[in-house]
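Each remark here refers to the structure printed beneath this line.
Small disclaimer: the values here were computed from a predicted structure and weren't measured. For the numbers below, each heavy atom of this structure counts, side chains included, while hydrogens, waters and symmetry mates do not. A note on names: the letters A, B, ... follow the listed sequences, proteins ahead of strands, and every chain is numbered from 1.
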Amino acid sequence: MEQDRLNELMKARRQKMVQLKEKGVEPFGSKYVCSHYSAEVIGQFDALENKEVSLAGRLTGIRTHGKATFADLQDYKGKIQIYFRLDQLGEEKYNLIDLFDIGDFIAVKGPVFKTRKGEITVAVHDYRFLTKALRPLPEKWHGLKDVELRYRQRYLDLIVNEEVRQTFINRSKIIQTMRDVLNEWGFLEMETPIMQTIAGGALARPFITYHNALDMKLYLRIATELHLKRLLVGGLDKVYEIGRIFRNEGISPFHNPEFTSVEIYQSYADYEDMMSITENLIYECARRVLGKSEISYQGETFDLTPPWPRETMINVVHKYCGVDFAKISDDAGAREAAREAGLELEGESTWGEILNLFFETYCEEQLCQPVFILGYPIDVSPLSKRMDSDPRLTYRFEGFIAGKEVANAFTELNDPIDQRERFERQLARRQAGDEEAHMMDEDFLTALEYGMPPAGGLGIGIDRVVMILTDSPSIRDVILFPTLKPR
RNA sequence: GAGCCAUUAGCUCAGUCGGUAGAGCACCUGACUUUUAAUCAGGGUGUCGCAGGUUCGAUUCCUGCAUGGCUCACCA
């Protein structure tokens, strides 16, 4: 494509590709079976010294010295030096090195040795050319810094920036650990629809798509909640789903339109059990993947060892704002408190909404150390069970680390009459223009009417957990291909 | 959606109080059989994000646009 746009560097590489072909070397080769990865050769040097190994990888540096050449070979597990000699390879094979570029893939075979300066090196007795790189790699010292290029061409970021590769390897391990641990605890992984006729289970604006054959609108899911609860009705007592969620909302260092959540549901359990699952699951991820439970995030250190402290929302708001909602009895009193605190209210805000607003505005970001905040108002919790001791609150908590919400869980509302009333209240807000209010889900209500056992449910934002465990300041650092506008 | 900032070589960046641009790495030519940011000698390879405007002249000043970043808004 775009021949005329090829610059000098790319022209030179294409020319080398043609020259390789002319000399009978296929520039885009085939299968090669290696004996080791670079890191294994380095790690097992004592056993492998003077033994022949075969490796494949990408050339990331070439240092020629006339009749000898050193190069760096980068593979999946690291990087190792390789050493070509004219007298070892013969003129024909040695001279082909002139046609190698940084970025090319080659396979090498030969004995392992240590150079004078002590670097473990593979003496190349034979090699095979595997793939020509027609474009130059970003520079080796400074790496690739341009964030836009890093996101759009993540493969370059992965090649050149070692920490980035490690972050995504850790992301994979963290998710695998969640699966392992949940399976060990007897949970079953489920898959529920991503395209739904009603987007429920959270308060968020959905993406809309369209099915041609059925001639109808479909929504991309904003949560997995309501389908997983149907599975509890069906008698699958301990289930979870790890999957992509889509929310048609703003983008920020902590929000990407598509992100990954794990939701976990357990019959005959309650939100106390969900707290235990949350703290133990995240603790296990840290311990098994990072090998430690004390971690530092953006300069702040904290310990993930369970149990995490518990605090009620009312107490936290009292502590940070000096406003005691336990002593405010009605909506009017709450509005008065909001006015005094300079909070802007839209419409007829209720006691619960205002309590939540105080919490989100003044308290959330202060919660550096891992903590569970309990007792969310019923007005902002349409799917959680009402507290026996205070009908304005629910058995719901959120888990915070570094001031960011990482978990949201509750004792599930399993009373279909109450649930219908909550949906109706949401519907009223929807009709008043709140696009994030819940839709009426008759099918879900029908399921509840068949009887859902008492249960606890939990959702964890996996991207946020990965951010914290990999000390990443932006969600884009833990999503391989974050959402961007097209160029 | 709003404000601020950025966009110059393949990469990382400098620069021009307005006279079409430079460094390191990379790349090209040559020397070199234990180098490793190899070294030595030589060579700038560019639509200065895009489109207008002001001007004798714009990469530079102005306006608009695009993309990105940060902050805010939004956001269980």
ask   = Can the ring centres of A:Y76 and A:Y37 be said to be less than 6.0 Å apart?
value = yes
message = Near RNA chain B, counting only heavy atoms under 4.0 Å, which residues of residues 363-379 of chain A show up?
response = none
key: Check: A:A202 main-chain N/O paired with A:R247 side-chain donor or acceptor under 3.5 Å   = no
message = Looking at A:S276, is its backbone amide N or carbonyl O close enough to the side chain of A:T278 to form a donor-acceptor pair, meaning the two atoms are under 3.5 Å apart?
response = no
ask   = Is there a donor-acceptor pair closer than 3.5 Å between any side-chain N or O of A:R429 and the backbone N or O of A:R425?
value = no
request  = Using distance alone, with no hydrogens and no angle criterion, decide if A:D273 and A:Q266 have a side-chain donor and acceptor under 3.5 Å apart.
outcome  = no
request  = Please determine if A:E8 and A:R13 form a salt bridge, counting it only when a charged side-chain N lies under 4.0 Å from a carboxylate O.
outcome  = no
ask   = Atom CD1 of A:I102 to atom C1' of B:rC11: distance rounded to whole Å?
value = 12 Å
query = Can you check the A:L59 CG to B:rU36 C1' distance for me, whole Å?
reply = 14 Å
Would you tabulate the nitrogen or oxygen pairs shorter than 3.5 Å linking the protein to nucleotides 65-68 of chain B?
residue, atom, partner, partner atom, Å
B:rU67, OP2, A:K485, NZ, 3.2
B:rU67, O3', A:R152, NH2, 3.0
B:rU67, O2', A:E148, OE1, 3.1
B:rU67, O2', A:E148, OE2, 2.1
B:rU67, O2', A:R152, NH2, 3.4
B:rG68, OP1, A:K485, N, 2.8
B:rG68, O4', A:E148, OE1, 3.1

Identify all pairs in which a protein N or O lies below 3.5 Å from an N or O of nucleotides 41-51 of chain B, and state each distance.
none

task = Calculate the interatomic distance between A:K145 atom NZ and B:rA6 atom C1'; express it in whole Å.
result = 15 Å
message = Are there runs of at least three consecutive Watson-Crick or G-U pairs touching RNA chain B, with each pair's two distances under 3.5 angstrom? Give them by first number.
response = B:1-7 with B:66-72, B:10-13 with B:22-25, B:27-31 with B:39-43, B:49-53 with B:61-65
request  = May I ask you to verify if any side-chain N or O of A:K114 is less than 4.0 angstrom from the OP1 or OP2 atom of B:rU35?
outcome  = no
Got a list of side-chain donor-acceptor pairs under 3.5 Å for residues 100-109 of chain A, not counting sequence neighbours?
residue, atom, partner, partner atom, Å
A:D101, OD1, A:K16, NZ, 2.7
A:D101, OD2, A:K132, NZ, 2.8
A:D104, OD1, A:A133, N, 2.9
A:D104, OD2, A:D101, N, 2.8
A:D104, OD2, A:K132, NZ, 2.7

query = Would you say A:K11 reaches B:rC28's phosphate, i.e. side-chain N/O to OP1/OP2 under 4.0 Å?
reply = no
task = Identify whether any heavy atom of A:F410 sits under 4.0 Å from a base atom; if not, whether one sits that close to sugar-phosphate; answer base, sugar-phosphate or nothing.
result = base
query = Can you list, by residue number, the residues of residues 62-89 of chain A that have a non-hydrogen atom closer than 4.0 angstrom to RNA chain B?
reply = A:R63, A:T64, A:H65, A:G66, A:K67, A:A68, A:F70, A:Q81, A:Y83, A:R85, A:D87
request  = Determine the interplanar angle of the A:Y271 and A:Y395 rings, folded into 0 to 90°, and report it as parallel if under 30°, tilted if 30 to 60°, perpendicular if over 60°.
outcome  = perpendicular
key: Which residue lies more 5' along RNA chain B, comparing A:S384 with A:D98 via nearest heavy atoms   = A:D98
query = What is the distance, rounded to the nearest whole Å, between atom CG of A:L149 and atom P of B:rU7?
reply = 14 Å
request  = Check the distance between B:rU71's C1' and A:F254's CZ and give it to me in whole angstrom.
outcome  = 14 Å
key: Side chain of A:H142 - closest among B:rG24, B:rA26, B:rU34   = B:rG24
task = Would you classify A:E436 as touching base, sugar-phosphate or nothing, given that sugar-phosphate means primed atoms plus P, OP1 and OP2, and contacts are heavy atoms under 4.0 Å?
result = sugar-phosphate
Side chain of A:E119 (C-beta onward), nearest among B:rA26, B:rC11, B:rU36 = B:rU36
inquiry  = Between A:Q81 and A:Y83, do the side chains contain a donor N or O and an acceptor N or O under 3.5 Å apart?
reply    = no
request  = Round to the nearest Å and state the distance from A:Y94 atom OH to B:rU33 atom C1'.
outcome  = 7 Å
message = In whole Å, measure the gap between the C1' atoms of B:rG22 and B:rA9 for me.
response = 10 Å
key: Geometric cation-pi criterion A:R310 and A:F372, 6.0 Å radius, 45° cone   = no
query = Between A:Y127 (side chain) and A:L89 (backbone), is there a donor-acceptor pair under 3.5 Å?
reply = no
Under 3.5 Å donor-acceptor, A:E364 side chain and A:G403 backbone = no
inquiry  = Is the shortest side-chain heavy-atom distance between A:Y151 and A:L480 below 4.5 Å?
reply    = no
N/O donor-acceptor pair under 3.5 Å between A:D270 side chain and A:G456 backbone = no
ask   = Is there a donor-acceptor pair under 3.5 Å between the side chain of A:E241 and the backbone N or O of A:E263?
value = no
inquiry  = Does B:rU36 have OP1 or OP2 under 4.0 Å away from a side-chain N or O of A:K117?
reply    = yes
inquiry  = Between A:S349 and A:E353 (side chain of the first, backbone of the second, donor and acceptor by atom type, cut-off under 3.5 Å), is there such a pair?
reply    = no
